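Report on the following structure.
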Amino acid sequence: MTVNLFDTRGTPLERQRFTWKEISQQPISKLDDDAFTRVRIILMNGIEQQANRFQHLASQMSAELRKPLALVRRTEHHQQTTINWLLSGDHSPIETTIAYEQVAIEVTAAVAQNEPDPYLAQVYRFGLLEDFDHMYRYSALLDRVEGKDANNILQSYTDVIPGRPTIDEHRHPHDDLRNHYDRASADPLTKMHAYTIMSAEYQTRDYYMNIGPTFADPVARALYAEIASIEEQHVTQYGSIIDPHETLLEKWLLMEANEVYNYYSCMESETNPRIKAIWERFLDYELGHLQLVTELFKQYERRDPAEILPQTLPDPIPFESQREFVRETLTREVNLRASGADFVDIEEEPEASLEYRRHLHSEGAPSEAIAAGYLWQPGTELNRDAIRAA
Amino acid sequence: MEKNTRMGTNRTGVDMAPMLSKEMARGARELTPAQQADPTAYDSMVQEHVREAGPLGTVPVPGTVRGALKSLLDKATGHNPEVFINKLGERLAYERSGVRFYEAAIRKFEALRDTEAAGFPIDELRHIRNDEEAHFMMLKEVIAGMGADPTAQTPDADVAGVAGMGIGKVLHDPRTSMAQCLEMLLMLELADNDEWQMLITLAEDMGMDEAARFGDALQEEEEHLATVRRLYKDSLIAQASKGAVRH
């Protein structure tokens with residue numbers, strides 16, 4: 001299926017309506033649904049959350065756009081609720097965390113391979129190895145605190161192996177800032193990748209900030225605090241690759257197009273027919289939003305949206321296991337560190353970052369404590385015969 | 001929709017994706033570096049917090065020291081009366097939550113009256129629900145009679161609430177089966193029985209007159225336990241035997 005961004009009208013805004021029963025409908029099955037259905041749900045929650053976040057900020061900065069922003073934002077809010085409420089209540093917060101990290105790994109790995117800009121592909125690979133390590137730490141937490149196997153969530157698609165050690169990920173804020181793409185010359189896919197991954201990381205930061213204090217185990221509390229801090233760094237990293245010279249309406253236009261692209265990607269790969277129908281419906285809603293913003297862009301900026309957006313969407317984001325790519329990246333790049341916007345060998349890491357984390361870790365590092373000696377095996381580390389049998 | 005146990009496409013185990021699982025296990029084995037980290041690091045970090053942490057909270061000081069409390073304090077000479085008040089507060093909270101847990105089960109079973117719950121004696125659950133409410137009211141009187149505050153959440157009441165969170169989630173989930181819910185009620189009743197016995201032991205040890213009143217409640221709780229155990233067993237057996245639903 002090809003989606004034409006300018007000729008497809010989508011669902012008009014006035015017909016984008018919800019009932020509470022639609023918004024709070026049957027969740028997916030944690031046990032029976034495919035892990036990538038949950039991956040898509042979490043990703044799209046993040047995309048919608050970013051739409052809401054941006055549209056609130058934009059409204060506080062633009063008197064002219066307040067009304068259309070309010071209209072679109074209400075629908076985006078209910079779209080987000082519908083999507084997030086698809087997660088069932090039998091997911092423990094750590095199990096949902098495992099799923100969040102699966103999103104970060106699989107989607108970032110897919111994006112890194114399709115990114116046309118080599119520097120930004122490196123940025124994604126750099127972040128990928130950090131989220132990969134979070135998976136390992138949280139899997140140890142799930143095993144050692146709840147006695148559960150992370151693979152019940154991962155369904156064997158995603159590895160549980162150490163990446164760049166979380167203790168080494170804490171950096172001086174200036175070492176988290178990257179070079180941004182150029183709004184005038186960047187490939188549209190580059191922009192969509194940046195908005196997608198920034199949105200996903202932002203929701204992960206917010207999720208950990210919300211659930212961290214709900215834990216009783218002091219190491220769990222500390223681990224969420226530690227990894228939330230890295231997610232904050234990731235939001236800094238991925239936020240900084242977006243060209244800050246884009247106008248407010250240009251950003252809005254790009255984000256609406258990105259929502260179209262993400263729903264389209266989900267729709268193309270979804271295996272659960274009920275959830276696929278939701279992606280299809282919301283794809284049409286987003287096309288409706290895009291039409292509205294396209295008109296606003298023409299009206300206020302006196303520019304042709306075709307300067308910003310492609311006529312048709314790029315190939316959809318593949319939602320599938322990226323195991324081989326992640327392992328290759330791990331082997332080649334685990335020792336990379338950041339020096340300002342550049343990536344350097346471990347020996348060349350700036351003193352400012354080293355000093356920053358020396359102090360943070362001076363009273364112990366939860367990511368080390370929880371995973372000391374941890375080796376993932378099917379059925380948890382208590383299932384000692386499992387790895388020999390595999 | 002049918003909620004009873006059946007075979008399906010559960011994807012959580014390694015057997016559902018043997019090739020992927022084999023590769024995942026091989027990777028974990030070969031790519032997880034041997035670590036020199038202290039294997040007791042988790043224990044040490046937790047234990048440091050345990051040593052430094054204060055309690056969940058306290059038993060409230062009575063707003064007014066009335067005669068009744070004075071009498072309690074007199075009777076409890078040589079004992080800590082706050083231990084008794086704490087446990088009374090817990091029982092009150094447990095019974096009050098118990099009312100809501102039974103209501104959740106009753107609500108669900110009524111919805112399933114034409115299917116899985118056909119012929120199920122819901123009135124037996126209603127009877128237990130009413131007993132739990134009566135126990136709550138009795139405890140309220142006892143606590144107030146001692147000059148303590150029955151609306152306060154004591155530390156053990158808080159713990160009972162935290163412990164009940166999982167039970168509540170199972171009962172409230174529209175997808176859980178009757179047997180899964182009855183298992184939760186059985187857990188509730190098992191603990192409830194022992195805790196009433198514990199309260200009686202404590203009351204006797206402290207020379208409190210309430211021990212006799214609590215004995216009546218315990219007797220009812222023993223009946224609840226027997227009822228729920230029977231209903232749960234029947235529900236499981238009905239699922240296991242193909243065809244007829246029995247209770």
Side-chain angles (χ1 to χ4, degrees), chain A residues 26-27 29-35 88-90 92 136 139-141 144-145 149 151-163 165 216-223 321 323-324 326-327 330-331 363-366 368-379 386-390, chain B residues 1 3 5-54 56 158-159 161-163 165-166 168-176 180:
Chain A
Q26 288 288 324
S29 168
K30 182 180 92 171
L31 310 179
D32 289 5
D33 269 294
D34 190 89
S88 55
D90 52 339
S92 77
Y136 173 72
S139 295
L141 182 78
R144 292 175 171 177
V145 171
D149 181 358
N151 198 39
N152 290 162
I153 298 297
L154 300 174
Q155 298 176 3
S156 299
Y157 290 125
T158 310
D159 280 335
V160 180
I161 298 169
D217 182 292
V219 175
R221 293 171 70 86
L223 182 65
S321 175
R323 171 170 284 130
E324 285 316 307
V326 176
R327 285 188 188 174
L330 180 68
T331 307
E363 293 190 275
E368 289 293 291
I370 194 60
Y374 188 70
L375 174 65
W376 175 81
Q377 355 189 22
I387 222 154
R388 284 192 292 279
Chain B
M1 284 173 72
K3 301 177 204 314
T5 311
R6 59 189 167 84
M7 297 273 190
T9 56
N10 183 313
R11 296 171 195 264
T12 57
V14 289
D15 285 354
M16 284 301 282
M19 298 298 285
L20 285 174
S21 302
K22 197 170 180 178
E23 187 51 38
M24 184 171 172
R26 189 187 69 80
R29 194 169 55 237
E30 294 176 6
L31 298 174
T32 302
Q35 295 171 54
Q36 304 303 314
D38 173 11
T40 64
Y42 174 38
D43 294 347
S44 305
M45 192 174 268
V46 171
Q47 286 162 355
E48 184 184 333
H49 281 270
V50 170
R51 284 189 290 271
E52 291 171 1
L56 286 177
D158 184 33
V159 165
V162 172
M165 285 165 77
K169 285 196 87 163
V170 173
L171 289 165
H172 291 130
D173 194 323
R175 303 169 306 162
T176 51
Q180 285 161 344

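Lettering follows sequence order; numbering is per chain, from 1. None of the values given here were measured: they were computed from a predicted structure. Only this structure's heavy atoms are used, side chains among them; waters, hydrogens and symmetry mates stay out.
Nearest heavy-atom pair across A/Leu154 and B/Met24 is CD1-CE, 4.2 Å.
For a residue to count as touching a neighbouring chain, one of its non-hydrogen atoms must lie under 4.5 Å from one of that chain's; by this rule A/Tyr374 touches chain B with the backbone only. The parts of B/Glu23 that come within reach of chain A are both its backbone and its side chain, each placing non-hydrogen atoms under 4.5 angstrom from that chain. Residue A/Ala220 does not touch chain B at all, counting heavy-atom pairs closer than 4.5 Å. Looking at A/Asp34, the atoms closer than 4.5 Å to chain B (heavy atoms on both sides) sit in the backbone and in the side chain alike. Heavy-atom distances place no part of A/Ser92 under 4.5 Å from chain B, backbone and side chain included. Residue contact with chain B, scored on non-hydrogen atoms closer than 4.5 Å, is absent for A/Ile153. At a 4.5 Å heavy-atom cutoff, the contact between A/Arg144 and chain B is made by backbone and side-chain atoms alike.
Note that the CG atom of B/Leu20 and the CG atom of A/Asn151 stand 9.5 Å from one another [nearest 0.5 Å]. Interatomic distance, OG1 of B/Thr9 versus CG of A/Asp33, reported as 7.5 Å (0.5 Å rounding).
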For salt bridge (Lys or Arg N to Asp or Glu O under 4.0 Å), just list the numbers for B/Lys169 and A/Asp90, CA-CA rounded to whole Å, side-chain angles, deciding distance to a tenth of an Å, and then say yes or no. CA-CA 8 Å; B/Lys169 285 196 87 163; A/Asp90 52 339; over 6 Å; no
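Within the 4.5 Å cutoff, side-chain heavy atoms of A/Arg323 are placed close to those of A/Asp159. By the 4.5 Å heavy-atom criterion applied to side chains, A/Tyr136 and B/Thr32 are counted as neighbours.
Each of A/Pro27, A/Ser156, A/Gly89, A/Ala371 has some count of heavy-atom pairs under 4.5 Å with chain B, and the biggest count is that of A/Ser156. Among A/Gly364, A/Ser88, A/Ala140, the residue making the largest number of heavy-atom pairs under 4.5 Å with chain B is A/Ser88.
A 6.0 Å sphere centred on CD of B/Glu30 holds more than 12 heavy atoms belonging to other residues, nucleotides or ligands.
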